[in-house]
Student: 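This is the structure I have questions about; it appears just below.
Just so it is clear, the structure is predicted and the values come from calculations on it, not from any experiment. All chains are named by letter (A, B, ...) in the order of the sequence lines, taking the proteins before the strands, and each is independently numbered beginning at 1.
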Number of protein chains: 2
Amino acid sequence: MDYRINLPEQEMPKQWYNVLPDLNPPLAPPLDPVTHQPLGPEKLQAIFPMAVIEQEMSSQRWIEIPEPVWDIYRLFRPTPLVRAHRLEAALGTKAKIYYKNESLSPAGSHKPNTAIAQAYYNKQEGVQRLTTETGAGQWGTALSFACKMFGLECTVYMVRCSYEQKPYRGILIRSYGAEVFPSPTDKTNAGRAVLAENPNSGGSLGLAISEAVEDAATHDNTKYSLGSVLNHVLLHQTITGLEVQKQLALAGEKPDVLVGCVGGGSNFGGLVLPFVPEKMHGKGPRFVAVEPKACPTLTKGEFRYDYGDMAKMTPLLKMHTLGSGYFPPPIHAGGLRYHGDAPIVSHLVDQGMVEPRSYYQNDVFEAAKLFLQTEGFLPAPETSHAIKAAIDVARESDPGTVIVFLYSGHGLLDLGAYDAYNQGNLKDDTFSECDLQNALATCPKINI
Amino acid sequence: MDYRINLPEQEMPKQWYNVLPDLNPPLAPPLDPVTHQPLGPEKLQAIFPMAVIEQEMSSQRWIEIPEPVWDIYRLFRPTPLVRAHRLEAALGTKAKIYYKNESLSPAGSHKPNTAIAQAYYNKQEGVQRLTTETGAGQWGTALSFACKMFGLECTVYMVRCSYEQKPYRGILIRSYGAEVFPSPTDKTNAGRAVLAENPNSGGSLGLAISEAVEDAATHDNTKYSLGSVLNHVLLHQTITGLEVQKQLALAGEKPDVLVGCVGGGSNFGGLVLPFVPEKMHGKGPRFVAVEPKACPTLTKGEFRYDYGDMAKMTPLLKMHTLGSGYFPPPIHAGGLRYHGDAPIVSHLVDQGMVEPRSYYQNDVFEAAKLFLQTEGFLPAPETSHAIKAAIDVARESDPGTVIVFLYSGHGLLDLGAYDAYNQGNLKDDTFSECDLQNALATCPKINI
């Protein structure tokens with residue numbers, strides 16, 4: 001058996017899978033942030049191109065991947081599905097562990113799958129500049145790359161604590177030709193308000209989103225791009241799960257458990273959504289979603305309407321949330337520091353289709369080092385959450401169980417975090433009932 | 001046509017190609033550093049295992065890749081050969097540019113091809129610890145990874161200026177379980193001698209080699225491992241050129257020009273040596289070797305016997321050299337800061353089979369950014385020398401010319417260098433006739 005299952009280029013999917021028409025009950029609609037009424041597509045036009053808005057609400061099960069997007073995917077796709085033989089041997093497990101290696105993209109993560117699509121649709125509609133936020137920097141890197149491919153300008157608001165923890169990210173984003181600012185900045189009302197209260201604020205994803213949305217909404221020919229959470233983002237990411245289906249078929253395997261880390265939910269969603277139709281019929285693999293104990297949205301949060309950002313500018317989304325005002329501790333998995341979760345993923349959790357788990361970061365880095373020292377590759381801290389869970393699932397499972405996890409990104413720009421772990425300097429931040437009640441106090445009261 | 005030509009795993013070569021029996025005239029022998037007489041294999045046993053010594057002098061054309069080595073190669077090999085369509089389009093060239101992507105290995109470069117083999121042979125002979133030097137850190141990372149695969153300890157002496165320029169390298173090396181020290185250290189006589197003269201010395205590869213060799217020679221169960229220069233290293237690297245031959249055949253192409261950067265010569269040698277037999281019959285592709293103007297071994301050095309290290313502990317090798325006492329300026333392509341070159345590569349240059357070129361680092365980074373912004377991937381500064389030359393060759397060539405360069409490593413741990421370039425802070429160090437005469441004054445006078 002080959003270690004790496006490579007799909008030929010001509011086998012790369014030509015369509016994304018849209019789960020919306022297959023959800024039953026259907027997804028709760030987004031609400032207007034002011035009137036609290038279901039939101040019409042026209043309300044989103046200030047910040048998104050029409051093609052993206054249509055995908056956000058589409059009832060079409062399969063959506064064509066535009067040829068120029070597919071053509072850029074070819075730079076790195078299909079990505080290999082890899083059997084982690086050496087990790088299995090080190091664990092002494094008889095389970096089979098596979099990982100879908102999305103770290104081989106130019107930006108080093110799964111994020112280009114949607115960045116390329118979003119940049120393309122914006123370019124088609126005459127947009128000249130995209131704004132966005134980034135946590136650990138994976139998304140900012142991906143959008144910078146994608147914008148360069150289509151000749152768009154790009155402005156990135158990077159959560160300040162990550163900006164400082166991971167200085168190489170900013171250099172890489174600039175090298176792609178984009179601009180990047182540590183958030184909170186003094187460039188937006190949202191940023192200035194936080195700085196006035198706390199000039200040393202480390203920032204949060206929710207705040208960086210507010211800054212990027214405000215920038216887009218207040219400038220001509222400028223739109224906003226989000227790297228996770230929304231339906232169209234998960235749609236674009238389904239290319240990973242669709243490839244996994246083909247690759248497992250090539251290997252003659254049926255998956256028993258799918259594992260992904262969850263920040264906003266895009267890599268997890270991309271992996272599992274193509275398996276939802278089977279699941280609706282009571283078949284198909286288990287879905288395991290993994291998050292940090294410092295930001296335990298799915299395991300501790302409430303399923304209710306909340307804002308996507310701190311400044312309450314975005315539509316209200318029904319999702320698992322810790323409260324849009326919550327500032328998570330500065331754990332190194334910056335991409336998992338988000339108060340909410342994708343409505344689609346939250347819906348599946350609510351329907352009992354997903355098993356959420358949470359871990360402390362020291363346990364996660366221990367798993368990461370075991371992976372590094374057996375499989376050779378250095379995982380991102382976010383990805384390492386999935387590795388930790390895959391290891392635990394393997395330990396709990398019967399011989400022959402087929403476990404697939406999404407290897408969402410490499411950790412080469414996160415080595416500061418490994419240094420802290422190697423030196424025993426990582427804190428195991430947690431989150432209490434009391435934190436939860438305080439955080440949720442900022443949520444709007446909506447009964448739908 | 002596919003962007004990436006993937007070779008199936010079962011097509012990965014099972015043997016390395018040894019060029020020695022095909023060289024005519026034969027390679028000049030290594031000499032004893034004290035007696036200046038040809039060196040018997042027994043003299044090398046203090047620092048190398050027998051299997052490696054045999055390969056260093058073998059007259060066998062094909063050498064079997066041991067199954068445990070091949071098995072670890074499978075973690076990342078065969079590597080793809082990629083058509084750089086977007087770079088071609090940006091250049092407006094009608095030449096075809098391919099790159100062999102060795103950056104996808106766990107260590108991020110071609111270096112594991114020999115590190116894995118060397119770790120294996122040492123393990124077989126009961127060695128417990130390997131010592132080595134590293135410049136930019138690619139080699140130290142690779143050997144740390146390889147040692148972990150076979151349960152060996154590993155000690156890395158890293159050239160101090162690179163250790164400081166690229167702090168993430170040390171963290172990665174330690175995360176693989178190895179120890180790493182900035183060289184010069186106070187752990188060896190060679191290091192202490194340099195520190196006594198200049199406590200702030202930035203170090204050199206030649207000095208770090210002295211330290212690593214001294215460590216191995218003075219400790220039990222410890223051997224030394226070199227990442228370039230020697231015949232057995234180039235032998236192990238031929239897997240890249242052998243894969244390229246198969247991949248070009250799959251694509252229906254015949255190569256016209258092969259391009260590689262040269263520090264010690266291992267990535268260049270690995271790419272071109274399998275094409276030497278054709279070349280001996282006046283056929284086959286052009287070989288273009290690329291180096292920095294700050295350390296222009298092939299373009300300005302003399303072809304003569306010299307030591308491989310600063311402390312004159314290694315055998316004398318006949319090679320292009322700037323003098324083993326030469327300290328190159330601290331350019332960011334740390335892997336190209338070596339005073340000498342592989343005897344095999346030097347021999348081919350002397351025979352007129354190789355066209356050497358040299359570049360300033362600002363021109364090299366300009367090429368790197370063009371590659372980044374078209375193909376998406378961030379190249380190492382060393383690799384960027386090959387990119388610059390491939391671009392120039394494309395510009396000089398007829399339509400349809402097939403150019404293949406070796407993409408030896410990624411630059412994700414070299415982002416400090418990109419920052420310096422982006423900010424206009426890179427110096428274009430050069431090398432004068434006068435520098436050359438001073439540097440060569442340290443060479444021994446040998447008439448063979």
Student: Are more than 12 heavy atoms, taken from residues, nucleotides or ligands other than B/E366, located less than 6.0 Å from that residue's CD atom?
Tutor: no

Student: How about B/L415 and A/R169: do any of their side-chain heavy atoms sit closer than 4.5 Å?
Tutor: no

Student: What are the two closest non-hydrogen atoms of B/L412 and A/H410, and how far apart are they?
Tutor: CD1-NE2, 3.4 Å

Student: For chain A, which of B/N422, B/D71, B/N101 has the most heavy-atom pairs under 4.5 Å?
Tutor: B/D71

Student: Is it the side chain or the backbone of B/T374 that comes within 4.5 Å of chain A heavy atoms, both, or neither?
Tutor: backbone

Student: Heavy-atom pairs under 4.5 Å with chain A are the metric here; pick the option from B/Y418, B/F76, B/F377, B/Y168 that has the most.
Tutor: B/Y168

Student: For A/K427, does the NZ atom sit with more than 12 other heavy atoms under 6.0 Å from it, leaving out its own atoms?
Tutor: no

Student: Shortest non-hydrogen contact from B/G376 to A/P106?
Tutor: O-CB, 3.1 Å

Student: Spell out, as yes or no, whether a donor-acceptor pair under 3.5 Å connects the side chain of A/R4 to the backbone of B/P78.
Tutor: yes

Student: Verify, without hydrogens or angle tests, whether A/Q373 (side chain) and B/S175 (backbone) share a donor-acceptor contact under 3.5 angstrom.
Tutor: yes

Student: Against chain B, work out which of A/N6, A/L172, A/V82, A/L378 has the most heavy-atom pairs shorter than 4.5 Å and name it.
Tutor: A/L172

Student: So which part of B/L104 gets closer than 4.5 Å to some heavy atom of chain A, the side chain, the backbone, both or neither?
Tutor: both

Student: So for B/S105, is it side chain, backbone, both, or neither that comes closer than 4.5 Å to the heavy atoms of chain A?
Tutor: backbone

Student: Taking C-beta and beyond as the side chain, do A/I72 and B/R86 meet within less than 4.5 Å on heavy atoms?
Tutor: yes

